[in-house]
Amino acid sequence: MQIENPFNIRLVSGISSATDRIFFTLTWVDGDRYASSIYSISDREVRRITHGGSESKPIHLGSALYYLSREADIDNVMKLEEMSEPEVIFRHKQILDYIPFRDGVLTVVSENFKSRRPFVINGLRYKHDSTGLLRKRRTLLFSNSTGTRKMISGSYDVADVRSNGSRIIVSCAHLNDDLGLTDLYELDFENGNMAKLTRGRGSIDSFDVSDGGEVAYIGHRQGAKDWAPKKLYLLEPRLEFNIASTAGSSISTDMFDDSEAKVRWDHGSVFVMGQKGGVTSVFELRQNAIRRITPENRSVRHFDAAGGKVSYSYSQADIPSVIVSPFGDYDPNSGFRGKSADNIWAGSIEGWVIFSGESSPSILFIHGGPHSAFGPVYTIEMQYFSSRGYNILYCNPRGSTGYGESFVKGSIGDWGGEDSRDIMGFLASARKQYGLTGKTGIKGISYGGYMVNWLVTQTWEFDAAVSEKGVSNLLSSVGTSDIGYWFDGPEEIGSSDPWSADSISKFMERSPISYVKNVRTPTLLIHGEEDHRCPIEQSEQFFTALKFYGVDTVFVRLQGESHELANRENPLNRMDALLLKLEWFDRYLKGAAKPKIQDQVLPKDSSY
């Protein structure tokens with residue numbers, strides 16, 4: 001089966017459970033935008049609730065349904081009572097999250113602040129990917145029929161808010177904004193005072209407040225360590241629990257369903273997502289005992305609980321999105337199936353193969369992070385290339401999440417070392433197991449883009465390469481990435497002082513740009529012009545050097561696109577980029593095109 005429009009799928013997100021039904025958001029591509037509406041399932045009947053095509057984030061509370069709706073660049077919090085018309089209860093330029101509270105609504109919004117005046121910087125953190133220069137901040141507002149008042153604001157961001165109707169808990173970077181570290185605070189509704197609840201320093205991925213006011217959260221308290229495994233914490237009493245290999249989910253896919261880690265109190269239990277290998281499941285904590293409650297072969301993307309009953313959506317390699325609930329299941333892409341993936345192991349490295357044929361060309365995919373993971377979930381791009389006759393190979397080298405703390409720390413200070421050998425070892429094993437004889441391409445995004453750049457300087461194993469939003473010069477990344485000053489040193493070379501003479505030497509030793517003269521692999525570079533995580537200058541450097549040495553290369557700049565929101569890019573941009581990748585791989589893996597450079601010599605210490 002050949003997929004004509006790979007983005008012609010519908011995806012479930014934002015599940016909100018009631019005792020007799022569930023509500024959820026359904027998202028699809030409509031021309032140059034993502035459209036969405038609220039649906040419900042009750043007594044095995046699926047019903048569309050909203051029809052504007054820009055509704056999301058349903059919350060069911062009492063007899064009312066709340067949701068967000070966007071109209072003419074304005075976000076609205078809507079309230080829908082049974083047998084009545086929707087009512088706008090709050091409007092703002094950009095609402096990032098909300099919860100009903102008492103007689104009004106608490107909203108996390110992006111403050112509107114525009115100025116042509118010079119932007120004066122006095123802190124390390126002055127820009128953020130998907131936001132740009134921090135001329136505006138995420139703040140907390142309360143609004144009701146009498147007006148709106150600002151609850152929290154300052155030179156830091158409010159990440160999220162939860163409440164049981166009386167107690168208000170917020171997560172924000174009040175004390176550690178430069179490092180983007182978050183804490184939980186209790187907010188006094190009357191006077192705005194904030195009392196810190198968490199100890200130490202770390203990050204909060206998700207949290208919830210029970211009806212009785214108890215607080216649970218997913219996160220870690222290990223400071224600025226992006227690799228730190230997440231745990232489930234209860235604040236009162238102070239307890240912590242290991243959930244699978246890591247709490248939450250960091251499964252990598254290119255679907256536009258906005259999967260998120262979640263914690264949910266319900267009927268004395270805490271429900272939480274947890275990841276093992278490439279699969280995410282829902283777990284229940286009850287009386288300090290933990291049990292998995294969703295099937296181990298389904299990777300959960302969203303869930304909610306009410307009345308002790310859990311509803312969830314999941315994905316498999318050949319299935320984009322299915323919702324399972326006590327009131328009925330629903331597959332919004334009924335009748336459609338992609339290709340399934342075989343699970344294989346190369347020693348301690350887990351991977352998957354979508355097989356097309358022994359003599360067919362293959363594409364090796366590398367995930368970003370590096371602290372994320374591939375799994376048996378639907379991936380738009382992989383299925384598209386598979387439908388065009390390619391074998392798809394992908395794996396989780398050391399540094400990936402889901403395999404324990406020692407494994408995820410395996411790439412720390414060693415980018416381009418053992419992690420790259422894991423990848424090449426998996427490739428060799430997959431070729432042998434499936435008898436693959438066709439040409440091989442390589443493709444990666446972010447850290448995966450770095451690894452593509454690195455490998456084409458270290459080996460000639462690949463007949464074509466696509467590096468997307470990658471890194472080529474680790475040293476320049478330190479000062480240009482929005483997180484480079486705290487992330488790059490410890491992560492990439494194992495140093496807390498990125499500008500010491502030794503660190504500078506190590507950065508350049510592990511930078512693809514240092515070995516660019518070795519490249520002979522035709523390489524396509526794709527980068528968002530508003531990427532602040534891996535700035536576009538990284539691809540500019542590599543492209544210029546490749547061109548200088550006569551390597552077949554093309555550089556594609558995506559206007560208006562950032563890094564973090566890669567799966568929410570303009571759908572037309574995504575389709576254009578996908579077709580360019582297909583053309584590139586078809587030319588070099590299926591066609592007769594040969595690289596121009598034939599006389600280079602690989603480094604003597606190449607281990608591939």
Side-chain angles (χ1 to χ4, degrees), residues 1-13 24-37 39 46 48 51-56 252-259 299 301 313-323 330-341 352 354-357 360-363 365 374 376-392 394 441 443 445 464 466 468-469 524 526 528 554 556 558-561 565-587 589-591:
M1 178 186 66
Q2 193 168 84
I3 301 172
E4 296 303 326
N5 183 352
F7 299 102
N8 189 25
I9 56 176
R10 294 175 175 250
L11 302 177
V12 170
S13 64
F24 61 93
T25 302
L26 196 65
T27 304
W28 65 95
V29 172
D30 182 10
D32 63 350
R33 73 184 188 103
Y34 295 98
S36 59
S37 289
Y39 284 70
V46 179
R48 185 172 180 175
H51 297 270
S54 61
E55 302 85 34
S56 62
S252 179
T253 178
D254 58 2
M255 292 194 295
F256 44 89
D257 62 345
D258 299 329
S259 179
S299 201
R301 304 289 293 170
S313 69
Y314 73 91
S315 175
Q316 293 179 180
D318 58 339
I319 300 174
S321 186
V322 175
I323 193 165
Y330 175 53
D331 181 352
N333 306 287
S334 180
F336 170 78
R337 289 293 181 271
K339 288 186 178 180
S340 60
W352 293 265
I354 303 176
F355 183 67
S356 290
S360 299
S362 301
I363 302 174
F365 283 75
F374 279 138
V377 300
Y378 192 89
T379 304
I380 295 170
E381 197 167 270
M382 291 182 184
Q383 288 292 331
Y384 183 68
F385 285 124
S386 174
S387 75
R388 259 57 185 178
Y390 287 94
N391 296 306
I392 306 301
Y394 54 109
K443 189 268 178 185
I445 187 169
V466 174
E468 195 164 359
K469 299 181 180 180
L524 173 65
I526 300 175
V554 170
V556 179
L558 300 178
Q559 298 182 49
E561 303 298 355
L565 299 182
N567 297 344
R568 279 288 187 171
E569 292 171 347
N570 182 305
L572 297 183
N573 267 356
R574 290 190 68 185
M575 191 66 196
D576 285 345
L578 184 56
L579 293 175
L580 286 167
K581 290 176 237 182
L582 177 65
E583 179 186 349
W584 191 258
F585 283 133
D586 280 353
R587 182 190 308 172
L589 303 186
K590 291 183 177 180

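Between the side chain of Asp32 and the main chain of Leu572, no donor-acceptor pair closer than 3.5 Å is present. Between the Ser36 side chain and the Thr27 main chain, no donor and acceptor come within less than 3.5 Å of each other. Side chain of Tyr390 to backbone of Tyr384: no donor-acceptor contact under 3.5 angstrom is found. Within the 3.5 Å criterion, the main-chain N or O of Arg337 finds no donor-acceptor partner in the side chain of Gln383. Not one N or O on the side chain of Ser299 forms a donor-acceptor pair closer than 3.5 Å with the backbone of Ser315. A distance-only check finds no donor-acceptor pair linking the side chain of Ser313 to the backbone of Val322 [under 3.5 Å].
The closest side-chain heavy-atom distance from Leu11 to Arg301 is not below 4.5 Å. For the pair Ile380 and Phe7, the minimum side-chain heavy-atom distance is below 4.5 Å. You'll find the side chain of Gln316 stays beyond 4.5 Å of the side chain of Pro376, heavy atoms only. Inter-residue side-chain proximity for Ser321 and Tyr378 is flagged as unmet; no heavy-atom pair is nearer than 4.5 Å.
Rounding to the nearest 0.5 angstrom, the gap separating the CG atom in Asn573 from the CD atom in Gln559 is 7.5 Å. Distance check, rounded to the nearest 0.5 Å: CE of Met255 to OG1 of Thr379 gives 7.0 Å. The distance from atom OH of Tyr330 to atom CZ of Arg10, rounded to the nearest 0.5 Å, is 7.0 Å. Note that CD1 of Ile319 and CG of Asp331 are 7.0 Å apart. Values are rounded to the nearest 0.5 Å. Atom CD of Glu55 is separated from atom CZ of Arg48 by 7.5 Å, given to the nearest 0.5 angstrom. For the atom pair CZ of Phe24 and OG of Ser37, the computed distance is 10.5 Å after rounding to the nearest 0.5 Å.
By the side chain to side chain contact (heavy atoms under 4.5 Å, CB included) test, Ser356 is found to be paired with Lys339, Ser360, Ser386, Asn391, residues two or more places apart in sequence or in another chain being considered. Take Phe355 and apply the ring-ring contact (aromatic ring centres under 6.0 Å, His included) test, not counting sequence neighbours, and it matches Tyr434.
Contact detail for Ala341 and Ile354: the closest heavy-atom pair is CB-CG1, 3.8 Å. In plain terms, the two heavy atoms of Leu589 and Ser362 that are nearest each other are CD1-O, 3.8 Å. Closest approach of Phe374 to Ser252, counting heavy atoms only: CD2-O, 3.9 Å.
Under the ring-ring contact (aromatic ring centres under 6.0 Å, His included) test applied with Tyr394, the options Phe365, Trp352, Phe385 reduce to a single match, Trp352.
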Taking only distance into account, with no hydrogens and no angle test, what donor-acceptor pairs under 3.5 Å do side-chain atoms of residues 576-585 form with protein atoms, sequence neighbours excluded?
{"residue": "Lys581", "atom": "NZ", "partner": "Glu381", "partner atom": "OE1", "Å": "2.6"}
{"residue": "Lys581", "atom": "NZ", "partner": "Glu468", "partner atom": "OE1", "Å": "2.8"}
{"residue": "Lys581", "atom": "NZ", "partner": "Glu468", "partner atom": "OE2", "Å": "3.4"}
{"residue": "Glu583", "atom": "OE2", "partner": "Arg587", "partner atom": "NH2", "Å": "3.4"}
{"residue": "Trp584", "atom": "NE1", "partner": "Ala465", "partner atom": "O", "Å": "3.2"}
{"residue": "Trp584", "atom": "NE1", "partner": "Pro522", "partner atom": "O", "Å": "3.4"}

*Give the C-alpha distance, both sets of side-chain angles, the deciding distance and a yes or no for side-chain contact (heavy atoms from CB on, under 4.5 Å) between Val12 and Leu26.*
CA-CA 5 Å; Val12 170; Leu26 196 65; 4.0 Å; yes
_Verdict with supporting geometry, Phe256 and Val29, side-chain contact (heavy atoms from CB on, under 4.5 Å)_ = CA-CA 9 Å; Phe256 44 89; Val29 172; 3.9 Å; yes
